[in-house]
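A short worksheet on the structure shown next.
What you see is a predicted model, and the numbers here were worked out from it, not measured in a lab. Below, chains carry the letters A, B, ... as their sequence lines are ordered, and counting in each starts from 1.
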There are 2 protein chains.
Amino acid sequence: MSHNTTEINRQLRKSGYRVTPQRQLILDAVCQLGEHVTPEAVYDHVHRIAPTLSRATVYRVLHFLTEQRILAMVYMADGRLAYEMAGPEPHHHLVCRSCDSLLELPHSVLRSFRRTMDAQYDFEIDVSHLSFFGHCTDCRDSAGA
Amino acid sequence: MSHNTTEINRQLRKSGYRVTPQRQLILDAVCQLGEHVTPEAVYDHVHRIAPTLSRATVYRVLHFLTEQRILAMVYMADGRLAYEMAGPEPHHHLVCRSCDSLLELPHSVLRSFRRTMDAQYDFEIDVSHLSFFGHCTDCRDSAGA
DNA sequence: TTTCTTGTTGCGAAAATTCGCAACAAGACG
DNA sequence: CGTCTTGTTGCGAATTTTCGCAACAAGAAA
Ligand SMILES: [Mn+2]
Ligand SMILES: [Mn+2]
Ligand SMILES: [Zn+2]
Ligand SMILES: [Zn+2]
């Protein structure tokens with residue numbers, strides 16, 4: 001696993017939460033399984049190691065770790081929910097509806113858009129992890145609208 | 001109901017689809033129930049009129065009418081899916097995570113953002129109906145981050 | 001140590017959503 | 001009219017996700 005375990009544990013305990021074996025297992029699973037991991041994939045993975053760990057706990061922990069900004073949540077092209085490690089700097093995705101390819105966007109590309117919303121509507125957009133759907137370079141010409 | 005029934009019917013038939021009583025009922029329901037209508041609300045409404053109309057059909061028709069761009073789909077603050085009439089001009093929403101208030105955004109505010117994505121990433125963002133989450137004017141001062 | 005508080009889990013039930021399939025119905029075509 | 005094709009539905013089962021609640025466990029307090 002590639003996440004800073006001790007730092008995360010400190011952060012959780014500092015907020016009054018507990019570092020349980022279940023939470024560690026689930027976090028490790030997301031980390032190992034890569035980008036855009038579904039709850040079911042997490043369950044399959046951890047269930048092999050800890051057979052009593054329930055589905056409800058998987059859903060609850062994924063939710064919880066997202067609230068703690070340790071995980072990030074994202075809607076995929078098919079509408080389902082997935083998770084991935086959050087990382088220190090936010091990033092976003094361009095998802096192609098034709099080929100399901102993923103492009104990663106740096107957070108910086110949203111700065112001017114957020115400023116505009118702030119100025120025109122006095123609304124502070126929370127952009128920790130957005131996905132924009134559309135059509136990528138390769139699919140633009142081949143696919144008719 | 002306030003939607004142009006004959007125009008929609010023509011559009012569907014032209015594409016080889018059929019205008020069934022179920023589809024008409026469901027479309028009327030979304031239209032009457034207003035913005036951000038959940039599948040369950042649609043089902044409750046139409047089920048009183050047509051008791052044999054099944055939940056599966058509600059989900060299927062909402063999906064179908066969204067593909068046909070007659071309805072628009074939107075994620076609400078709690079993560080659930082909702083639908084509303086699409087209208088000729090796309091629009092978007094600012095959803096406050098504190099008070100659940102809704103601000104409607106004209107499509108024009110996304111033009112420069114789309115142009116940037118197109119120019120920098122050669123990616124054409126499909127923005128028929130987006131929701132951005134964050135904090136509105138009233139909630140920005142009262143709520144601490 | 002014992003007691004208390006509170007966060008956390010497992011379980012099973014409930015609710016929400018999707019799926020497969022047979023039956024139906026609209027329309028084309030003869 | 002009868003026949004075919006194909007889009008559509010209802011039903012029930014399967015799957016996914018949420019909920020309620022009792023039991024558990026970590027840590028603070030006594
Ligand atoms: Mn990501
Ligand atoms: Mn809308
Ligand atoms: Zn593509
Ligand atoms: Zn607000």
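B:I26 places its CD1 atom 12 Å from the C1' atom of D:dG10, with the value rounded to the nearest Å. Whole-Å rounding puts the A:R18 CZ to D:dC24 P distance at 15 Å. Atom OH of A:Y17 is separated from atom P of C:dT9 by 13 Å (rounded to the nearest Å). When the P atom of C:dA26 is taken as reference, atom CG of B:L12 falls 16 Å away, rounded to whole Å. One atom, CG of B:L25, and another, P of D:dT9, lie 11 Å apart when rounded to the nearest Å. Atom-to-atom, CG of B:L65 to P of D:dT8 comes out at 10 Å; the value is rounded to the nearest Å. One interatomic measurement links the two molecules: CZ of B:R80 to C1' of D:dT17, which rounds to 12 Å at whole-angstrom precision. The interatomic distance linking B:H63 (NE2) with C:dA16 (P) rounds to 18 Å, in whole Å.
For the pair B:L27 and B:M85, the minimum side-chain heavy-atom distance is below 4.5 Å. Side-chain contact between A:M117 and A:E124: absent, with no pair of heavy atoms (C-beta onward) separated by less than 4.5 Å. A:Q11 has its side chain within reach of A:I70: a pair of non-hydrogen atoms, C-beta onward, lies under 4.5 Å apart.
For A:R13 and B:P21, each mapped to the nucleotide of DNA chain D holding its nearest heavy atom, the one lying further toward the 5' end belongs to B:P21.
Comment: B:R140 engages A:D118 in a salt bridge, judged by a side-chain N to carboxylate O separation of less than 4.0 angstrom.
Between A:F132 and B:F113, a ring centre-to-centre spacing shorter than 6.0 Å is recorded. A centroid separation of 6.0 Å or more is found between the aromatic rings of A:F64 and A:Y59.
Contacts between residues 43-61 of chain A and DNA chain D, defined by a heavy-atom separation below 4.0 Å, involve A:R55, A:A56, A:Y59, A:R60, listed by number.
Here the side chain of B:R23 is nearest to one of D:dG10, D:dT8, D:dT18, namely D:dT8. The side chain of B:E40 has C:dA16 as its nearest neighbour among C:dA16, C:dG7, D:dT9.
Distances shorter than 4.0 Å separate some side-chain N or O of A:T20 from OP1 or OP2 on C:dT9.
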*Kindly indicate, with the supporting measurements, whether the criterion side chain to side chain contact (heavy atoms under 4.5 Å, CB included) is fulfilled by B:E84 and B:H93.*
CA-CA 12 Å; B:E84 63 186 40; B:H93 291 284; 3.5 Å; yes

